[in-house]
Peer 1: 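The structure that follows is given in the form of structure tokens.
Predicted, not measured: the structure shown is a model, and the values here were computed from it. Start at 1 and go down the list; that is how both ligands and their atoms are numbered.
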Amino acid sequence: MKTVPNHPITQSLNHLIRMSLFSEILKRVEQLREEINYHNYLYYVLDQPIISDADYDALMRELKEIEGKYPETVTPDSPTQRIGAAPSEKFASVPHSVPMLSLDDAFSQEEVLDFDQRGKRLLQIDEELEYAVEPKMDGLAVELVYENGRFVLGSTRGNGYTGEDVTTNLRTIRSIPLKLINRHLSPPSRLEVRGEIFINKDAFEHLNERRIEDGEPPFANPRNAAAGSLRQLDPNITASRPLNIFCYGIGIAEGYSIETQWDVLSSLKKWGLKVNPMVEKLKGINGAIRYYLRINKKREELDYEIDGIVIKINNLGLQKRLGTKAKSPRWALAYKFEAAQAITRIIEIQLSVGRTGAVTPIALMKPVKVGGVVVSRATLHNEDEIRRKDVRIGDWIIVRRAGDVIPEVVRPLPERRTGEERVFVMPQTCPVCASELRRKPGEAAWRCPNPKCFPRLVKQLTHFASKGAMDIDGLGPKVAEQLISAGLVRNIADLYSIKLSDLLSLDRFAEKSARNLLSAIESSKKTTLARFFYALGLRHVGDVTAQLLSDHFGSMKVLVDAGDEELKSVEGIGPEVASSIRSWFGDNHNLGLVRRMLDAGTKFTDLHEKKSLPLKDKVFVFTGGLSSLTREQAKNIVRDLGGQIASTVGRKTDYVVVGEGPGSKLQKAVKLGIHILSEEEFLALAKKIY
Ligand code: IVH
């Protein structure tokens with residue numbers, strides 16, 4: 001048949017040809033992706049590749065070529081899409097729907113046996129408990145969210161409740177599947193996976209060699225390298241680092257019922273996620289102790305660093321019955337290997353005044369490398385500890401460092417004494433303000449009683465302003481020292497009375513920086529009860545405890561009035577915390593501070609049930625400069641209303657707020673048909689909701 005150009009029949013024929021060609025192309029693209037994903041899985045997850053690198057590269061090349069020619073075939077879970085995302089300015093925060101807890105540590109068999117006994121007692125069970133045991137990876141915890149089998153969100157642990165959105169960085173890690181395997185077991189519609197990101201030992205050595213060649217400082221240890229690599233604003237840098245993962249837990253698996261930790265691990269494996277092959281299921285705590293000894297022996301041979309084992313009660317029903325404390329579950333324990341130690345010498349013992357007035361003796365030492373990190377200060381805890389260990393100034397000592405914990409002096413080496421060593425005498429007065437130190441019966445710490453003692457105030461103020469607390473940008477230790485020295489601030493409430501002219505009279509403050517600080521102070525007034533409570537800096541009240549109390553009491557007034565018993569009835573709150581809270585609120589000076597801050601306009605935006613927050617689960621992306629508020633303030637408004645911030649526009653984005661000079665995010669939003677808001681519209685929306 002002769003075809004006539006532009007004739008309707010010719011056009012529709014051409015259309016048909018194009019369509020069927022396109023469907024062939026789509027089929028091939030799908031096939032290539034399946035194949036590449038499978039080889040990825042064999043190589044990166046199972047460590048058992050079956051094709052050569054060259055064959056693998058050929059598959060990738062073909063896929064890239066087709067996708068280059070037909071960009072409409074590209075999907076976010078295509079294996080070609082692991083790298084290439086644009087750098088972001090800052091990580092958005094991501095709330096964890098199930099908190100990412102930490103683990104209680106044990107260093108001896110006794111403590112492990114106690115853990116087992118306690119479990120049995122609380123559960124009223126006589127027979128041996130079944131445990132799942134796993135190596136404890138020395139890396140950093142992340143959460144991966146899969147929706148309908150696709151990797152959509154990845155975040156760091158953060159404070160356990162809220163982490164940072166590192167999705168684009170995690171996508172670059174080949175052992176993290178972008179799409180779950182559906183063959184043996186359909187993945188749940190929403191799956192939250194927990195795991196540990198780490199760097200293998202040999203890859204770490206290579207990485208450091210390369211850095212040294214490039215004139216860059218080497219990383220102290222694989223853990224630091226992994227942490228530094230994951231928290232890169234530019235995902236291309238992360239992509240160049242040899243990160244790896246082992247998955248060990250599930251936050252939520254929608255509509256999927258699991259009965260044991262062992263099921264958790266085997267389900268993860270079936271979905272193509274990487275699980276440590278050394279996990280075991282054992283009956284009785286003695287089995288777990290034997291596992292520890294076995295793993296400890298093998299430790300050096302392993303291709304990755306571990307700092308102990310994790311013992312978990314296998315049955316999830318029993319786990320649930322035991323429940324959790326503020327920061328850690330009662331059903332799991334980290335049985336740690338001995339921490340890294342080194343020998344050095346104490347040059348001097350100094351006192352450090354903390355936020356709550358506690359005066360801690362610190363050993364200043366000849367710098368020494370412990371577990372890959374150079375340390376020159378170590379805590380001696382308190383006077384009794386110094387006496388018990390008989391540590392003297394000038395002593396050779398063993399210093400120990402475990403993970404992120406502050407290094408501590410383990411013991412002196414008396415055989416190396418020369419006779420020149422001096423016994424440390426605890427001063428009777430504060431080294432800074434000369435107030436007479438006090439020590440309460442039953443407490444080990446000496447305290448400076450002066451609430452205005454300089455370092456104490458500086459630490460209080462910087463804690464108050466810190467990110468997890470009131471989040472006052474620009475109020476670090478230097479500025480805090482300045483404000484206090486100038487007499488502008490004598491307590492945290494004074495912050496809210498500072499005027500522009502006050503700041504302008506200070507060194508290093510120009511009109512702009514002064515206004516920025518004032519506006520940061522102003523916007524900090526819109527906060528949550530948990531942040532505010534944490535910011536007050538009570539002893540034993542960290543961010544997690546503050547959140548628990550806020551969830552339970554829901555109002556400052558109820559919290560202030562709560563009695564000892566009521567406080568202790570909150571899951572995770574023990575007698576020490578309760579008594580610290582009672583005594584702090586029992587002091588009229590403190591109540592006065594709280595009153596003043598509330599009168600200054602501090603507002604809690606979370607005092608309705610989280611579920612009723614108007615922007616709950618709505619995802620916002622910002623692009624371009626805002627004129628009437630900072631990006632950070634705008635983001636805080638969204639977060640306070642229950643929304644989330646993402647750095648890139650995708651199908652999950654609900655709103656894109658567009659300021660001056662928007663980037664490509666705007667085009668993408670238009671393409672995807674996402675709701676676009678101007679700055680004014682955004683403010684109007686926020687106002688309407690407030
Ligand atoms: S389970 C509530 N399993 O250890 C359960 N954690 O101190 C908490 N970690 O933040 C986590 N290997 O970063 C678990 N096999 C493992 C682990 C493991 C390493 C880390 C993880 C966690 C920390 C808790």
Peer 1: With no hydrogens and no angle check, do the side chains of Gln261 and Glu134 hold a donor and an acceptor under 3.5 Å apart?
Peer 2: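 Gln261 vs Glu134: donor-acceptor pair found between side chains.
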Peer 1: Could you check whether Arg231 pairs with Glu164 (Lys NZ or Arg NE/NH1/NH2 to Asp/Glu carboxylate O, under 4.0 Å)?
Peer 2: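 Yes, Arg231 and Glu164 are salt-bridged.
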Peer 1: Does ligand 1 have any N/O atom under 3.5 Å from a protein N/O, and what are those pairs and their distances?
Peer 2:
from     : atom 1 : to     : atom 2 : distance (Å)
ligand 1 : 3 (N)  : Lys312 : NZ     : 3.0
ligand 1 : 4 (O)  : Lys136 : NZ     : 3.2
ligand 1 : 7 (O)  : Leu103 : N      : 3.2
ligand 1 : 12 (N) : Met137 : N      : 3.1
ligand 1 : 13 (O) : Glu196 : OE1    : 2.5
ligand 1 : 13 (O) : Glu196 : OE2    : 3.3
ligand 1 : 15 (N) : Glu134 : OE1    : 2.7
ligand 1 : 15 (N) : Pro135 : O      : 3.4

Peer 1: Assess whether side chain to side chain donor-acceptor pair (under 3.5 Å) is satisfied between Glu192 and Ser97, documenting all intermediate values.
Peer 2: CA-CA 9 Å; Glu192 298 175 0; Ser97 44; 2.8 Å; yes
Peer 1: Under the criterion ring pair (Phe, Tyr, Trp, His ring centres under 6.0 Å), I'd like the reasoning laid out for Phe246 against Phe198: C-alpha separation, chi angles, the key distance, then a yes or no.
Peer 2: CA-CA 8 Å; Phe246 274 134; Phe198 64 97; 5.2 Å; yes
Peer 1: Is any side-chain N of the basic residue among Asp105 and Lys336 closer than 4.0 Å to the acidic one's carboxylate O?
Peer 2: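 So Asp105 pairs with Lys336 through a salt bridge.
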Peer 1: Hey, what's the ring geometry for Tyr335 with Tyr292, parallel, tilted or perpendicular (30° and 60° as the breaks)?
Peer 2: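 Parallel.
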